2 protein chains.
Amino acid sequence: MDTKISDVGTAATQAAREIRRRIISGAYPSGMRLHQENIAAELGVSRSPVREAFRQLEAEGLVILTSQKGGKVAPIRAEEVVELFELRLLIEPHLLALAVPNFTDADVAAAEKIIAEMDGIDVAQWAEANWRLHMAFYEPARRPTTTRQLERIHSGIDRYLRMQITLTEGRDRAHTDHKAILSACRNHDAELAVALLRSHILAAARAFVPAG
Amino acid sequence: MDTKISDVGTAATQAAREIRRRIISGAYPSGMRLHQENIAAELGVSRSPVREAFRQLEAEGLVILTSQKGGKVAPIRAEEVVELFELRLLIEPHLLALAVPNFTDADVAAAEKIIAEMDGIDVAQWAEANWRLHMAFYEPARRPTTTRQLERIHSGIDRYLRMQITLTEGRDRAHTDHKAILSACRNHDAELAVALLRSHILAAARAFVPAG
DNA sequence: TCTCGTGAAAATGGATACAAAAATCAGTGA
DNA sequence: TCACTGATTTTTGTATCCATTTTCACGAGA
């Protein structure tokens, strides 16, 4: 067997990735009609893989399919974002509490590396790195299934996030939060780490859900 | 507009429903190879809708697709079930706490009706009614997105559950639990309801995850 | 007997063809 | 002008077709 440098996957997989990216980035705005033929043409494939991608994205909550009427980008409602933040507030502290006792020097170093990367990066990449950092915090918990659920929850929020604004205003706050959380992890202080994470997520929630 | 008695949906939708049912019921056992042509023939459709159904079910975590090698029923590992129960323990009490203040007489009546149905029903239907009851408990919380996530978590467990055993052993315990929880809901005692629910879920978890 | 090729059979992935449903639009009548 | 109707066009959903990949059985050779 030869070492596949990058398994790009099937056309359907790639189509799903690309369409997901476009939805999350806002290139396909909320509510936009998803035209099978057009998208197939844009991606240089036929409608079959596009249709499969739609099904997948529907299950992920990013697309709405209606029988005989096709697909559209799932509209985001504010109440939905509230729910997604509530779920983050449940799941992320849970994961962090499980992770902290397992934190190794390597885990700390990995997180520090990401934090360093985040300095002076552009907005889009910052958001991506920010999420990678959160994932790095939870990795030592070894909860792949839970993490997967969380990923999906996050993608729902992320789309809304970018739609809204410049995250720049929260970046300083986030930076100090991240460093404090990491420090608590390094000291294996789960209590403190969780408390800090909760207020970190709450701050993010307040920034985007005024009436939260 | 005329009232659609039952929107059966497209062939792909129906295929997904049926295949999902077969996986959860154990008719398609864990790890089983999913043959596009055979399944298409069984369902009386072509491979196209079956392929779409596979994509959907993959996103739901019930199927594993491998590039150029097709699909198989996602094998369940014990650690995964542990995670799913952990998630139930996070999410269900959260929902119940939100629901209790909103409980109306109608909500209580709806739950009582389900509890009544559950008396002397066969195992498969009991499991289904049991879940409907849990959903009835959370309905007053008005958290559709959260509920949807929970549904998916539950389907992962349910499949394992049925694979394992006769749920009969836990039915008495569950019955008393359910009545106690409902009573607490009727009295708007969120504190108590949540405590009861937590131990109810823990009992279920212990029954299926010996080393839990 | 075991291993390694080789080739046929089978299965997947994707493109295309076709039928049915929905949307659009022109024209008619009030 | 506006509402309705019926034809036309567009778009979806499904079946079928083709190319590529994988699987598997068979047989030659050590």
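What you are looking at is a predicted structure, and each value in this text was computed from that prediction instead of being measured.
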Are [X] and [N] close enough that a side-chain N or O sits under 4.0 Å from OP1 or OP2?
{"X": "B:Lys69", "N": "D:dT23", "value": "yes"}
{"X": "B:Arg33", "N": "C:dT12", "value": "yes"}
{"X": "A:Gln36", "N": "D:dT10", "value": "no"}

Check ion pair [X]-[Y] (N to O, under 4.0 angstrom):
{"X": "A:Arg186", "Y": "A:Glu112", "value": "yes"}
{"X": "A:Glu79", "Y": "B:Arg142", "value": "no"}
{"X": "B:Glu37", "Y": "B:Arg47", "value": "no"}

Given atom [atom1] of [X] and atom [atom2] of [N], what is their separation to the nearest angstrom?
{"X": "B:Glu37", "N": "D:dT16", "atom1": "CD", "atom2": "C1'", "answer": "11 Å"}
{"X": "A:Glu52", "N": "C:dG13", "atom1": "CD", "atom2": "P", "answer": "8 Å"}
{"X": "B:Lys72", "N": "C:dA11", "atom1": "NZ", "atom2": "C1'", "answer": "16 Å"}
{"X": "A:His35", "N": "D:dT9", "atom1": "NE2", "atom2": "P", "answer": "16 Å"}

*How about B:Tyr160 and B:Glu80: do any of their side-chain heavy atoms sit closer than 4.5 Å?*
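In short, these two side chains do not touch, never coming nearer than 4.5 Å.
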*Measure from the side-chain N and O atoms of A:Thr13 to the backbone N and O of A:Gly9, and report whether any donor-acceptor pair falls under 3.5 Å.*
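No; judged by distance alone, with no hydrogens or angles, the pair does not exist.
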*Give me the residues of residues 42-51 of chain A where at least one heavy atom lies under 4.0 Å from an atom of DNA chain D, by number, or none.*
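Contacting residues: A:Arg47, A:Arg51.
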*Touch check for B:Leu65, heavy atoms < 4.0 angstrom, all strands: base, sugar-phosphate only, or nothing?*
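No contact at all - B:Leu65 keeps every heavy atom at 4.0 Å or more from the nucleic acid.
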*asked:* Applying a 4.0 Å non-hydrogen cut-off, can you work out what A:Thr66 is touching in the nucleic acid: base, sugar-phosphate, or nothing?
replied: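 The answer is sugar-phosphate, as A:Thr66 gets under 4.0 Å only of primed atoms, P, OP1 or OP2.
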Name the atoms and distances for all side-chain donor-acceptor pairs under 3.5 Å in residues 58-65 of chain A, with sequence neighbours left out.
{"unit_1": "A:Glu60", "atom_1": "OE1", "unit_2": "A:Arg20", "atom_2": "NE", "d": "2.9"}
{"unit_1": "A:Glu60", "atom_1": "OE1", "unit_2": "A:Arg20", "atom_2": "NH2", "d": "3.4"}
{"unit_1": "A:Glu60", "atom_1": "OE2", "unit_2": "A:Arg20", "atom_2": "NH2", "d": "3.0"}
{"unit_1": "A:Glu60", "atom_1": "OE2", "unit_2": "A:Gln56", "atom_2": "NE2", "d": "3.4"}

